[in-house]
Amino acid sequence: MLKLFSARSDHPLAAAEEVDRIVADLAGMEPKAALREIADWLDSLDAATDFSAEKRFGVLARFDDAAVQPLRVVVRDIFTTPRQVKGYGAPLFQLGRRLFRRIALGYTSCFDANEHGGRDAEFVRRALPQLASRLLRAHAQWLKWSQFRYGPVDPVLWADAGAAYTAAVEAGCDRRRVTVFSAGAPDTCPHDEYLRALVFQVSAPDRLRPLEIELVDKLISRFLPLIRLGAEASAEALYWIDPARPMAPMRLARKPKVSPTLCYLGLSGAVPGVVELMGQASKGELPAGLDLGAHYPPKLVLPVLAHLSRYWGARPPTRVHARHPVQSATRSVLGFSHIYGQLSGKPAAAVSWQIEDVSRGGFGVRASLPDDELVHLGTLLGLQPEGGENWVVGIIRRIARAAEAEGRLGIETLSHAPVALEVELSGHKTDVLLLDALEAGASVRLALPQFGYDEAVRLRVVHDGRIAELEPVGLLESADACDVARYRVVSLAACAGSPTSAGTP
């Protein structure tokens, strides 16, 4: 049993009975208030300079464990409670990031106390499996709560995690399984906790919505025993990491610089299990023992499993088209209704962003992101490059914050010549965006208001002096506040009395 409290201090957290009282009070508090209280106490602990590594670790562990239940409630509340209030989750994501940043850095300060020698060094040596495991789990959670907002991710995160893992490897305890967390939690080890963070990072969270990020985090636990991290570059290794360097894992596009601490990450061994679980989810079933933190319908889990099967597979997605660097300002309008207004002569408020690269498939854009609600994955947007007159319609596929209020967006181009039209839908006039040219027998894509697609309803479109009958083929995706669907042009004829109808029988 670790000796948690020894030296005298004026700080209230120095007294074991005071910590006991605070933790007991937390259990009776509303979950969000409890988490804020824990974060405040951890700020106070960080400012204390007269705590030994052992005492600091003991207090951190108590608050780390005390946060488990309120965090579980808050996460379930964010993702399973229907809400009309926009931005409800944003301050909670910030709170979670603040909490785990403080816990992670607190454990790091305990680990760094090893440099002081004496009793601190002795404590770190003796408690290294527990300390490294907690430190690495906290850093993995700091990463997840940062990615709920798509960053920024502090480079210190990878430097600290790599240093702790390297120390555990050098001490020969990286795979020593220990009981670390609260009662009922499975034993763990520094290797597994570091691996958890690496797998999360290479699972492309910047291409997932927050709920999907949470599901990835939970699913990793199920498949972690099938994923390999080692010094040998096996055939299944697709990523590499050097824990001695302050870096995130990198794709093995080319051989990394030789290093005694170099590690290779292979995920393909987990893919058969992912595919099997996909099969169950496609039938509307999930295993009884699958712990996702809350009850989520299989239809929500299925696309996340499909995402993991792609990024963990033998051939993870790569860029199809070459990017070409450019520097061009662009006017941008966000959302289906604003794009429709812009194209139909009712200009909406536009923001000014910077295009940094282009390809046949889309744009890379540097954007101001002052508000968490400004952009989402799946947001439809219109762009008008500087000096041009036409608008391009695209959809946001990737978000990566470089700073709190600035980031980079990956935008897939949907149309270079969108048209705003009005159609008859279920007896009502409905705004739609035509994304492709009308040609008899061809298929076209339409963007419609959310839930506007109906597989049983044909549409009639009047455009450029012609009438087109459109037969629904399928819903391509439900984007943010709109549907994108495919239709087949079953007939195309000139409107009566139009110039193009002259001579038409």
Side-chain angles (χ1 to χ4, degrees), residues 1-74 92 94-142 145 154 156-157 160-161 163-164 178-183 185 193:
M1 184 72 181
L2 298 176
K3 182 182 178 184
L4 302 184
F5 306 100
S6 55
R8 291 183 175 276
S9 171
D10 293 333
H11 196 285
L13 296 178
E17 59 272 16
E18 183 64 11
V19 176
D20 290 341
R21 183 194 66 77
I22 292 170
V23 170
D25 289 346
L26 290 170
M29 295 175 67
E30 188 270 335
K32 292 189 287 293
L35 295 177
R36 294 189 186 97
E37 184 78 2
I38 292 172
D40 288 344
W41 277 115
L42 293 177
D43 286 341
S44 172
L45 178 63
D46 181 61
T49 59
D50 54 353
F51 275 56
S52 68
E54 184 173 3
K55 182 189 296 184
R56 189 178 299 274
F57 176 77
V59 175
L60 282 164
R62 293 293 304 277
F63 283 124
D64 194 358
D65 291 342
V68 171
Q69 183 55 31
L71 274 167
R72 184 177 292 122
V73 174
V74 166
L92 298 179
Q94 292 275 36
L95 174 60
R97 183 177 67 164
R98 175 193 169 200
L99 178 68
F100 279 109
R101 178 182 181 275
R102 183 51 59 210
I103 294 173
L105 294 180
Y107 286 137
T108 297
S109 70
C110 297
F111 176 77
D112 289 345
N114 178 57
E115 299 175 1
H116 303 162
R119 296 180 63 183
D120 282 343
E122 169 59 24
F123 164 75
V124 172
R125 184 196 63 76
R126 175 167 41 93
L128 188 56
Q130 294 95 331
L131 173 56
S133 294
R134 278 193 179 268
L135 183 154
L136 290 163
R137 175 72 66 89
H139 280 73
Q141 289 298 298
W142 181 14
W145 285 85
D154 193 329
V156 168
L157 188 154
D160 289 351
V178 289
T179 301
V180 177
F181 300 101
S182 53
E193 297 304 330

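Residues His11 and Ala48 come closest through the heavy atom pair CD2-CB, 3.8 Å. Of all heavy-atom pairs spanning Leu135 and Ala161, the tightest one is CD2-CA, 4.4 Å. Here the closest heavy-atom approach between residue Cys110 and residue Val124 is recorded as O-CG2, 3.4 Å. Here the closest non-hydrogen pair linking Val59 and Leu45 is CG1-CD2, 3.9 Å. Ala113 and Ala53 get closest at one heavy-atom pair: CB-CB, 3.7 Å.
Here the side chains of Lys32 and Val74 are in contact, with some heavy-atom distance below 4.5 Å. At a threshold of 4.5 Å between non-hydrogen side-chain atoms, the residues Ser52 and Asp120 count as touching. At a threshold of 4.5 Å between non-hydrogen side-chain atoms, the residues Arg126 and Glu54 count as touching. Asp20 is listed as a side-chain neighbour of Arg62, based on a closest heavy-atom distance under 4.5 Å.
To the nearest 0.5 Å, the span separating CG on Leu60 from NZ on Lys55 amounts to 13.0 Å. Here the CG atom belonging to Leu42 is positioned 8.5 Å from the CG atom belonging to Asp64, to the nearest 0.5 angstrom. Going from atom CD of Gln141 over to atom CD of Glu193 covers 9.0 Å, rounded to the nearest 0.5 Å. Remark: Leu157 CG to Leu105 CG distance equals 8.5 Å, nearest 0.5 Å. Considering CG of Leu99 and CH2 of Trp145, their distance stands at 8.5 Å, rounded to 0.5 Å. To the nearest 0.5 angstrom, Leu136 atom CG is 12.5 Å from Trp142 atom CH2.
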Subject >> Trace of the side chain to side chain contact (heavy atoms under 4.5 Å, CB included) decision for Arg125 with Asn114 >> reply: CA-CA 8 Å; Arg125 184 196 63 76; Asn114 178 57; 5.7 Å; no
Original post:
Given Leu128 and Phe111, is the side chain to side chain contact (heavy atoms under 4.5 Å, CB included) satisfied, shown in steps?
Top reply: CA-CA 8 Å; Leu128 188 56; Phe111 176 77; 4.0 Å; yes
Original post:
Under the side chain to side chain contact (heavy atoms under 4.5 Å, CB included) criterion, do Trp41 and Leu26 qualify, and how do the steps go?
Top reply: CA-CA 11 Å; Trp41 277 115; Leu26 290 170; 5.6 Å; no
Original post:
Given Leu92 and Leu35, is the side chain to side chain contact (heavy atoms under 4.5 Å, CB included) satisfied, shown in steps?
Top reply: CA-CA 10 Å; Leu92 298 179; Leu35 295 177; over 6 Å; no
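A donor-acceptor pair under 3.5 Å is absent between the side-chain atoms of Ser133 and the main chain of Gln130, judged by distance alone.
The only member of Phe51, Tyr107, Phe63 that meets ring pair (Phe, Tyr, Trp, His ring centres under 6.0 Å) when paired with Phe57 is Tyr107.
Asp25 and Arg21 are joined by a salt bridge, as a carboxylate oxygen and a charged side-chain nitrogen come within less than 4.0 angstrom of each other. With salt bridges taken as basic N to acidic carboxylate O contacts below 4.0 Å, none links Glu122 and Arg119. Under 4.0 Å is where a charged nitrogen must lie from a carboxylate oxygen, and between Arg134 and Asp65 at least one such pair does. A salt bridge does not link Asp40 with Arg102: none of the charged nitrogens is closer than 4.0 Å to a carboxylate oxygen.
Glu115 meets the salt bridge (charged side-chain N to carboxylate O under 4.0 Å, His left out) test with no other residue; sequence neighbours excluded.
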